[in-house]
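Single-structure report; data block below.
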Protein chains: 2
Amino acid sequence: MAYIYDIYEENCPTRQVLDRLADKWALLILDQVQAAPKRFNHLRRDIKGISQKALSQTLKKLERDGLVSRTVYPSVPVTVEYALTPLGGTLKDTVAAIAHWAERHMDSVLEAQQAYDTALAAR
Amino acid sequence: MAYIYDIYEENCPTRQVLDRLADKWALLILDQVQAAPKRFNHLRRDIKGISQKALSQTLKKLERDGLVSRTVYPSVPVTVEYALTPLGGTLKDTVAAIAHWAERHMDSVLEAQQAYDTALAAR
DNA sequence: CCGCATCCATCTCGATACTG
DNA sequence: CAGTATCGAGATGGATGCGG
């Protein structure tokens, strides 16, 4: 399978996909939804610091990209569940890999930052 | 090794690391630098569409995080090379995984977007 | 060649208020 | 419960010009 697009070209579709993943909240949402479907306010509660606007927008983008499904249950009041689609499921391992890297190397990064900052301050 | 921090908490260091990777350009730069060190304008040329400001800023962030090293060769005119640090090297596989996912599933995402958009327009 | 400083347009984001 | 609408502030991004 040959790739038509060059990832370093502008407007390359791969870039767009990358940009979606490079969203501040997308990865966290995908990780939250990954185990089991979750309701809107459930996500809002669990992902500390996200505004309802940001959550709403990011969910809509993820839905548009086919990574997350949105299911409305006509109860009163309405219940809406967000779940990982099969396509989204193919991302699970990758998302997990990123999260694990972040957890494992967090300390090193923090150290590097301190070293950098003190070196800067010394000059 | 137990993790003190909750990834879903605000101001959790893992979040900060995640935010760095969630940069529009960081992944592309890491991928560019991964194989061999590159000069500033080399990166600028190869990563189409990046402004020199964005490149400069992102490189500085990556350097601060200890993922990329910056070496100045006192030639005339100056040559500056950016390379992956050992810490940055531990990210190689993860970055590659993301890029591969994007390439492999790009078409599906594009389809999903079209389906979403036409469904929206129909209403 | 490598970058910083500045200016300015754009956009994103959060807070708030309101609807089905 | 699950959003949309609106508005203002702050961050962001590109273009330009200059300095080491």
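All values below come from the heavy atoms of this structure, side chains included, with hydrogens, waters and symmetry mates left out. Each chain gets a letter, A, B and so on, in the order the sequences are listed, and its residues count up from 1.
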**Asked** Starting at the 5' end of DNA chain C and moving along, which residue's nearest nucleotide shows up first, A:Lys24 or B:Val72?
**Response** B:Val72
**Message:** Testing the basics here: between A:Asp23 and A:Lys61, what is the closest heavy-atom pair and its distance to 0.1 Å?
**Reply:** OD2-NZ, 4.1 Å
**A:Leu21 vs A:Thr94 side-chain heavy atoms within contact, under 4.5 Å** = no
**Prompt:** What one-letter contact string describes nucleotides 15-20 of chain D from 5' to 3', where B marks a base within less than 4.0 Å of any protein heavy atom, S marks contact via sugar-phosphate atoms alone, and - marks no contact?
**Reply:** BBB---
**Request:** Fill in the dot-bracket string of DNA chain C, one character per base: . for unpaired, | for a pair to another strand, ( ) or [ ] for pairs within the strand, taking Watson-Crick or G-U pairs under 3.5 Å.
**Result:** |.||||||||||||||||||
**Prompt:** Rounded to the nearest Å, what distance is computed from the CZ atom of residue A:Arg44 to the P atom of nucleotide D:dT4?
**Reply:** 13 Å
**Request:** Starting from C1' on D:dA5, measure out to NZ on A:Lys60 and report it in whole angstrom.
**Result:** 11 Å
**Prompt:** What is the distance from CD of A:Gln57 to P of D:dT4, rounded to the nearest Å?
**Reply:** 9 Å
**Pairwise distance OH(A:Tyr82) to CZ(A:Arg70) - rounded to 0.5 angstrom** = 4.5 Å
**Fill in**
CZ (A:Phe40) and CG (A:Leu59) are apart, to the nearest 0.5 Å, by 6.5 Å
**Salt bridge B:Asp46-B:Lys38, side-chain N to carboxylate O under 4.0 Å** = yes
**Message:** I need the CG-P distance between B:Leu120 and D:dT4, as an integer number of Å.
**Reply:** 11 Å
**Message:** Of all nucleotides in DNA chain C that come within under 4.0 Å of a heavy atom of chain A, which is furthest toward the 5' end and which toward the 3' end?
**Reply:** C:dC13 to C:dA17
**Prompt:** Within this structure, what is the CG-to-P distance between B:Leu55 and D:dG14, rounded to whole angstrom?
**Reply:** 11 Å
**Message:** Check the phosphate of D:dC1 against A:Tyr82, side-chain N and O only, distance under 4.0 Å to OP1 or OP2. Yes or no?
**Reply:** no
**Prompt:** Is a salt bridge present between B:Asp117 and A:Arg64, judged by a nitrogen-to-oxygen distance below 4.0 Å?
**Reply:** yes
**Asked** Is any side-chain heavy atom of A:Arg104 less than 4.5 Å from a side-chain heavy atom of B:Thr90?
**Response** no
**Request:** Any chance you could measure B:Leu67, atom CG, to B:Ile29, atom CD1, to the nearest 0.5 Å?
**Result:** 11.0 Å
